[in-house]
Number of protein chains: 2
Amino acid sequence: MTADRKELAALSPEERQAVILEKVNAAGRVLAAGLAQEFGVSEDSIRRDLRDLSDAGLVQRFHGGAARLVTPALDFHRRETLHAEEKQSIGRAAAATIPDGATLLVDSSTTVVRFVRSLSPALSLRIITTAVDVAAAALDHPLADVVMLGGRLGRLTRSATGAGAIDAIRALRVDYCVLGTCGVDHGLTLRADDFEDAHLKSAMIRAANKTLLLATADKLGQAATYEVAPVSAVSALFTSSRDTAILKAIREAGVDVETV
Amino acid sequence: MTADRKELAALSPEERQAVILEKVNAAGRVLAAGLAQEFGVSEDSIRRDLRDLSDAGLVQRFHGGAARLVTPALDFHRRETLHAEEKQSIGRAAAATIPDGATLLVDSSTTVVRFVRSLSPALSLRIITTAVDVAAAALDHPLADVVMLGGRLGRLTRSATGAGAIDAIRALRVDYCVLGTCGVDHGLTLRADDFEDAHLKSAMIRAANKTLLLATADKLGQAATYEVAPVSAVSALFTSSRDTAILKAIREAGVDVETV
DNA sequence: CATATATGTGCCTTTTTATGCATGATTGGA
DNA sequence: TCCAATCATGCATAAAAAGGCACATATATG
């Protein structure tokens, strides 16, 4: 059990404001109520932060509990991909279930990047990953301890592969494994061209106490060639799918299904 | 670890401050209470240390008994946009000297990111790095074989640190080592707060046949505290500096100097 | 060898900071 | 128009930093 910290780590106003700035930069708009919940502070504190940032000329406030970026100068890669809103919702729902002090083993996918970005800034976490984009996202978290597992990087997944990474994972014991790349049918599946990754995924699942699966609607009922693990290996599934038949079957396998 | 505690208790303020700086560099954030317990001294002493470090401009303090460096992500993006065209020119000039089939060992810096982005798409390369941003840039190259060396990621450099990464480098033998983070005076230097990285850099230099140094004008003549290697260890220097005196001295050390 | 000085340290008190709650004002929409 | 939600302000409380003070140890000096 790595959850050694009980209390939420309190962020200083400066740190909070930096994170808020990032969020405003990414989302374009933030709500005081939501931020208050994320940071675990009262809305008053958030308003004070917003006022400070506004005084500094960094954000523009307007009624409605919101703020908008005033300097569009920092227009960095905002590659809005397919199903962005869908992935965002899934990631946020999964992130809400992570307790303080947890150790996470995260695979490579655009959905889990959303997940990482949605993790509450007030949580003290340890994030282990093979994916460069996940690592980059995790480094933006104010309290996360980030470990990157090395190896030759796959061009498609932008993540480490091969025996070295698998060995490193075998030596791990973590609280949560968070997967976003698998299809789900009778089991967790990967396409044949990813068979190299299949061993990695199953090692990740075995290293974890709980496995969270983040799957957009198109992943459900997708019978791909390689089965990584049975559905019962998954602790919780977060999905946007409304396919009641499949969801029912997955629930009956003992999986906690949450639709967003 | 009681043995450590005993040793730490005997530390002088200077030594303590060096360790604190290392921790801040790695974790991004430290708490006075925790440090007091670790070192076995009172919080007052820690506060005095933090005040000294703050006066020296090495850490940023904030209420909450904590200290940290500037916001990592924002800081990195800010650094990337600083002297952007200068770094771009340097990176392009260095990239032009790389032959087909070369194996590159690349450190973490905003300048080498430009270098990687400027590498000709027609070259068949092998790029090895400890930095997530360099890895991300290298993956955009159509032919490059990218290897990421793992480890715990430092927030400031966004790159792997520690014994694991150093061991991995020791086992390597590459054509080129490309550095962008060092200052240059009589030798290649690093600031005291990066002394953890100094071993990494010198291992990288030893692993390489040739060492390319990419230095913006402000790096020249900068006598930082830790010397990684003598100037003669560098094969070629690419710089925007016009300081003829220093450049002449470097040339006389046998370094091929190219100004852009 | 003894003593003076400096430095590091811990404890105490004062001041500053951060936060949450309560109250009143303002905004935007039904 | 009214109503609900959001925002600002004042105040109380708790936590933390700063400054003063005393004690210990080490170094230097006679």
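Chain letters run A, B, ... following the sequence lines, proteins first, then strands; residues in each count from 1.
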- Task: Among the candidates C:dA18, C:dG20, C:dT9, find the nucleotide nearest to the side-chain atoms of A:E14.
- Result: C:dA18
- What is the distance, rounded to the nearest whole Å, between atom CG of B:L50 and atom P of C:dT9? 13 Å
- Can you name the residues that form a side-chain contact (heavy atoms from CB on, under 4.5 Å) with A:E258, not counting sequence neighbours? A:A93, A:F238
- Non-neighbouring partners of A:R117 that pass salt bridge (charged side-chain N to carboxylate O under 4.0 Å, His left out), sequence neighbours left out: A:D140
- Message: Rounded to whole Å, please give me the gap between CD in A:E43 and P in D:dT6.
- Response: 7 Å
- Can you pull the salt bridge (Lys or Arg N to Asp or Glu O under 4.0 Å) pairs that have at least one residue in residues 34-44 of chain A, sequence neighbours excluded? A:K23-A:E38, A:E43-A:R47
- Message: My understanding is that only residues two or more places apart in sequence, or in another chain, count here; which of them pass side-chain contact (heavy atoms from CB on, under 4.5 Å) with B:D52?
- Response: B:Q17
Atom pairs and distances, side-chain donor-acceptor, residues 210-221 of chain A, under 3.5 Å, sequence neighbours left out:
| residue | atom | partner | partner atom | Å |
| --- | --- | --- | --- | --- |
| A:T216 | OG1 | A:D218 | OD1 | 2.7 |
| A:K219 | NZ | A:G180 | O | 3.2 |

- Under 3.5 Å: donor-acceptor pair, side chain of A:T259, backbone of A:S240: no
- Compute the angle between the rotation axes at the two ends of the helix from C:dC1-D:dG30 to C:dA30-D:dT1, each taken over five pairs, rounded to 10 degrees. 30°
- Which part of the nucleic acid, if any, lies within contact of A:R48, taking any heavy atom under 4.0 Å across all strands shown: a base, the sugar-phosphate backbone alone, or nothing? base
- Note on the structure: Scoring nucleotides 12-17 of chain C by protein non-hydrogen atoms under 4.0 Å (B base, S sugar-phosphate only, - none) yields B----S
- Quick one: list whatever passes salt bridge (charged side-chain N to carboxylate O under 4.0 Å, His left out) with B:R114, sequence neighbours left out. none
- How many Å lie between CG on A:D49 and C1' on C:dA18, as a whole number? 10 Å
- Item | Partners passing side-chain contact (heavy atoms from CB on, under 4.5 Å) against A:A144 (at least two apart in sequence or in another chain) | A:I127, A:H141, A:V146
